[in-house]
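Below is one structure, written out as structure tokens, with a few remarks after it.
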Amino acid sequence: MSAPADGTATERETPAYARTPRTTPTRYKDRATWEQEAIHAILDSTYLCHLGFVADGAPVVLPTIYARVGSRLYIHGSTGSRPLRDARGDQGMPVCVTVTLVDALVLTKSAFNHSVNFRSVVAHGTAHQVTDPEELNVALDALVDQTVPGRSAEVRPANAKELAATAVIRLELDEVSAKTRDDGANDDPDDLDLPYWAGVIPVTSGYGTPAPAASTTVPLPAHVRDLTR
């Protein structure tokens, strides 16, 4: 909070994550942000992430689902998965988690200047496997609701056998940043008169008509109807 000499508050600071060398881009720094609200908004807009780690001296990147709960990311996996096994114990496992949303293709009159409008988040840290039963239940409900909001309240919760086969790792959002591009076609001045099309092609995603399973005897629930509108 900044204030004048008399102590009266004049401007509220925006909560932000600390900048580190790993979260500070070397190119297009103006596209980066460390503001918590902006980062959380991107993370809450989707449910697919890529989990990066090192196994046997080689880099590995796996796609999986995640959920944000406060300042934590919960990442889904199997108890037989190598990264989940490596995250056991107090030492945890160093990871890098990335989330990317593509909003548009940007076509220019030169091949070099083509681009993509996007929103992305990169988080670094040490992941730990969730072992506390109460926290695990919170994490699993969050993973379901991140994908389909409201779904966890209208399904059977996992039983003991299913919980034994499921693993979740937790990553604290401490070292994290977002980067975005939301701009038009930026052609070189010498290319503006070239006879080629240039512009922005929006990229959208959506849901089709829900198809009930043969065993379904109930009407389409509100949370599914809301999702597919």
Side-chain angles (χ1 to χ4, degrees), residues 17 36-37 39-53 55 60-101 120-176 178 205 207 210-213 215-229:
Y17 293 104
Q36 293 183 13
E37 183 177 359
I39 290 170
H40 293 174
I42 295 172
L43 292 174
D44 295 346
S45 296
T46 186
Y47 47 84
L48 179 66
C49 71
H50 286 85
L51 172 67
F53 57 97
V60 179
V61 178
L62 299 177
T64 185
I65 63 171
Y66 74 92
R68 182 184 72 86
V69 178
S71 61
R72 291 177 171 177
L73 288 187
Y74 290 109
I75 303 165
H76 181 269
S78 164
T79 53
S81 170
R82 180 187 302 183
L84 277 301
R85 294 198 304 268
D86 291 345
R88 296 172 184 169
D90 294 337
Q91 76 282 357
M93 181 181 65
V95 301
C96 177
V97 177
T98 62
V99 173
T100 305
L101 296 165
S120 65
V121 168
V122 177
H124 299 270
T126 301
H128 296 270
Q129 185 168 344
V130 177
T131 57
D132 177 73
E134 184 174 340
E135 183 183 6
L136 183 59
N137 284 330
V138 170
L140 292 175
D141 283 350
L143 286 164
V144 172
D145 288 335
Q146 180 96 3
T147 309
V148 182
R151 183 67 180 171
S152 67
E154 300 201 28
V155 294
R156 174 183 64 78
N159 57 37
K161 181 179 179 180
E162 292 165 341
L163 288 173
T166 305
V168 176
I169 60 175
R170 175 185 64 247
L171 177 65
E172 300 289 345
L173 288 173
D174 292 324
E175 195 173 2
V176 57
S205 61
Y207 299 93
S215 62
T216 298
T217 58
V218 298
L220 190 70
H223 66 275
V224 176
R225 187 168 56 251
D226 291 341
L227 179 71
T228 57
R229 279 176 177 164

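Because the structure is predicted, anything quoted here is derived from the model rather than measured. When reading the values below, keep in mind they use all heavy atoms of this one structure, side chains included, and skip hydrogens, waters and symmetry mates.
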For [X] versus [Y], what's the shortest heavy-atom pair and its separation?
X: R151; Y: P221; answer: NH1-CG, 4.4 Å
X: V176; Y: A123; answer: CG2-CB, 4.0 Å
X: A87; Y: A127; answer: CB-O, 3.9 Å
X: G150; Y: D145; answer: N-OD1, 3.3 Å
X: F53; Y: P94; answer: CB-O, 3.9 Å
X: I75; Y: C49; answer: CG2-SG, 4.4 Å

Can you tell me how far the [atom1] atom of [X] sits from the [atom2] atom of [Y], to the nearest 0.5 Å?
X: T228; Y: H223; atom1: OG1; atom2: NE2; result: 10.0 Å
X: T98; Y: L48; atom1: OG1; atom2: CG; result: 9.0 Å
X: S45; Y: L101; atom1: OG; atom2: CG; result: 6.0 Å
X: T126; Y: D90; atom1: OG1; atom2: CG; result: 12.0 Å
X: L136; Y: R170; atom1: CG; atom2: CZ; result: 11.0 Å
X: R88; Y: H128; atom1: CZ; atom2: NE2; result: 14.5 Å

Are [X] and [Y] side-chain neighbours, meaning at least one heavy-atom pair lies under 4.5 Å?
X: Y47; Y: V148; answer: no
X: P157; Y: N137; answer: no
X: E172; Y: S71; answer: yes
X: L163; Y: L140; answer: yes
X: Y66; Y: L51; answer: no
X: L43; Y: L173; answer: yes
X: Q36; Y: Y17; answer: yes
X: H76; Y: T166; answer: yes

Legend entry - Qualifying residues under side-chain contact (heavy atoms from CB on, under 4.5 Å), relative to P133, sequence neighbours excluded: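 P133 satisfies side-chain contact (heavy atoms from CB on, under 4.5 Å) with no other residue.
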Legend entry - With D141 via side-chain contact (heavy atoms from CB on, under 4.5 Å) - residues at least two apart: S152
Quick one: does any side-chain atom of [X] pair with a main-chain N or O of [Y] as donor and acceptor, under 3.5 Å?
X: E162; Y: N159; result: yes
X: T46; Y: I42; result: no
X: R68; Y: G70; result: yes
X: R225; Y: L220; result: yes

Legend entry - More than 12 heavy atoms from other groups under 6.0 Å of CD on Q91: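 Count over threshold, so yes.
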